Amino acid sequence: MLEVPYIRENKEKVLAGLAKRNKDFTAQIENIIRLDDERKLLTTAINSKEAELKQISKVIGELMKAGDKEGAELQKNGVTVMKTFVKDAQEKLAVVENDLQQLLYQIPNVPNNIVPQGKTADENVEVYRWGNTPELGAHKKPHWELIEEYDLIDFELGTKITGAGFPVYKGKGARLQRALINFFLDEATAAGYREFQPPHMVNEASGYGTGQLPDKEGQMYYVGVDDLYLIPTAEVPLTNLYRDVILKESDLPVKMTGYTPCFRREAGSWGAHVRGLNRLHQFDKVEIVQLAHPDQSYAILEHMVEHVKQLLQKLGLHFRIIRLCGGDMGFTSALTYDFEAWSGAQERWLEVSSTSNFETFQANRLKCRFKNADGKMQYVHTLNGSALALPRIVASLLENNQDEHGIRIPDALVPYTGFDRITR
RNA sequence: GGAGAGGUGGGUGAGUGGCUGAAACCAACAGUUUGCUAAACUGUCGUAGGGGGUAACCCUUACCGGGGGUUCGAAUCCCCCCCUCUCCGCCA
């Protein structure tokens, strides 16, 4: 959520930035400023009237103490009128504040200067590419065939016990999952991230904190009886660990990592390219999160990108990094890099990580601040990245490393799997 | 789920209708003293909103788990909810 004072002081800049999202926010921004003006006016009126009432109460208190009951009663004249005035003004203020809040919730984050102009994913900009397309020959198979051939994952069973999009990992398939999770967590902790095991369900306040709510409730599984949401990513519980927290400047940056399953309804997005592991309702992911000093957040974003880059290199996967254009970027993000691994048999790129700087957009909602050198409160910048999401990594590992005899496990992973090949 | 106790500032903890935004102590920060460390002393020590000032700052309102209510006036009384602790029940 953008801060109103920031909007007021940087109106043109905000509008110009938001224009990259291919929508004109002029009317909304003007409305926000108008409502804020109204808010200030009402507040001033209420404040002075309340000060008056408070003064009268004080006088009554003194008169009562002195035993002057009649004098006290006299003071009460006019109080009712004043109280009615205050009550009316407060009701108006509540409406104004609510309208303002609702409007603010609808304004996405302002894209950073280097975010490319563009409407769709086609206009994203590739900024880095590593490795080569694997030579697989004519016998290459997509991962859903390999999975069946080597009995690694069972989609039918998952459908039986739960539903489509909930796979059951079996034998070496299950072991590969565990290996990847441990590998990713070890790499993250070695890079200084503290490991957490957060809850897999969160309350409504947490949903608002990181920006899933309002608006995106359709994307989360909701447990109505207990009013809880299944997390769509570890970003939600991890970042919310610092909701309503005031940090010391010396605490920054806070580096967290955690493995969790992620639950996504993917309502409406079940089109093409969803076979096998390409899109699931439940998947595993290791996430890295940082709370950063605003002056350092973009340097830290680079570090995080570097970290993810190394993971993919250690796994030996052909991949590229793209900078998302304004039209493709998430609501809460100011700058996002997506990582795409090559899928050798599908012959297309699969998104395996999304690493973003949210600047103060989440921190404002979270009320996560630190005291700066001048003793002033300042919002932190929040950042996060997948490091990494498993299913598409598995898909691309299986496809890229296949030959007639089986599937080769990358060296970095062998200590974790305990085997270096998957065979029949 | 049932019964009881309780939720106050960074922490401990006082405070049952007005002089309490909140004692005291601890922690923290700044300074004085000191050969260093320590100790002692002095001072500062919440957040947010509104108004004023170039600014240091000043005035004002709100906030004592959350939300309502009673009252001229609520941390203090009443109602609802949430959470924590103890005992009981249930259970991995």
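Reminder, nothing fancy here: chain letters follow the sequence lines and each chain counts from 1. In this text the structure is predicted, and so the values were computed from the model without any measurement.
- Nucleotides B:A22 and B:A75 place their P atoms 12 Å apart, quoted to the nearest Å.
- Between A:Glu145 and A:Pro142, the closest side-chain pair of non-hydrogen atoms falls below 4.5 Å.
- Using the six-membered ring where Trp is involved, A:His307 and A:Tyr193 have ring planes that are tilted, between 30° and 60° apart.
- A distance of about 22 Å separates the C1' atoms of B:G13 and B:G17, rounded to the whole Å.
- Remark: A:Lys367 is not in phosphate contact with B:U47, judged by side-chain N or O atoms under 4.0 Å from OP1 or OP2.
- Remark: B:U32 base-pairs with B:A40. Criterion, Watson-Crick or G-U wobble with two distances under 3.5 Å.
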*In B/S/- notation, 5' to 3', how is nucleotides 56-72 of chain B contacted by protein heavy atoms closer than 4.0 Å?*
----SSS---------B

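- A:Glu249 and A:Lys371 are not joined by a salt bridge, as no carboxylate oxygen comes within less than 4.0 angstrom of a charged side-chain nitrogen.
- Between A:Arg369 and B:A48 there is a side-chain N or O to OP1 or OP2 distance below 4.0 Å.
- Using a 4.5 Å cut-off on side-chain heavy atoms (C-beta onward), A:Leu74 and A:Leu63 make no contact.
- The aromatic rings of A:His281 and A:Tyr221 sit perpendicular to each other, their planes meeting at more than 60°, with 30° as the lower class boundary.
- Pairing for B:A14 is absent, with no Watson-Crick or G-U wobble pair whose two atom distances lie under 3.5 Å.
- Proximity of residues 246-255 of chain A to RNA chain B (heavy atom under 4.0 angstrom from any strand atom) is not detected for any residue.
- Shown here, B:A74 forms no base pair; nothing in the strands shown gives a Watson-Crick or G-U wobble contact with both key distances under 3.5 Å.
- With A:Ser354 as the partner, the side-chain hydrogen bond (donor to acceptor under 3.5 Å, both in side chains) test is satisfied by one option alone out of A:Thr233, A:Asn384, A:Asp338: A:Asp338.
- Using Watson-Crick or G-U wobble geometry with both donor-acceptor distances under 3.5 Å, B:A3 finds its partner in B:U86.
- Nucleotides B:U44 and B:G67 place their P atoms 32 Å apart, quoted to the nearest Å.
- One P atom belongs to B:U60, the other to B:G65, and the distance between them is 25 Å to the nearest Å.
- On the C1' atoms, B:U8 is 30 Å away from B:G51, given to the nearest whole Å.
- Rounded to whole Å, atom P of B:G49 lies 17 Å from atom CG of A:Leu41.
- No more than 12 heavy atoms of other residues, nucleotides or ligands sit less than 6.0 Å from atom CZ of A:Arg194.
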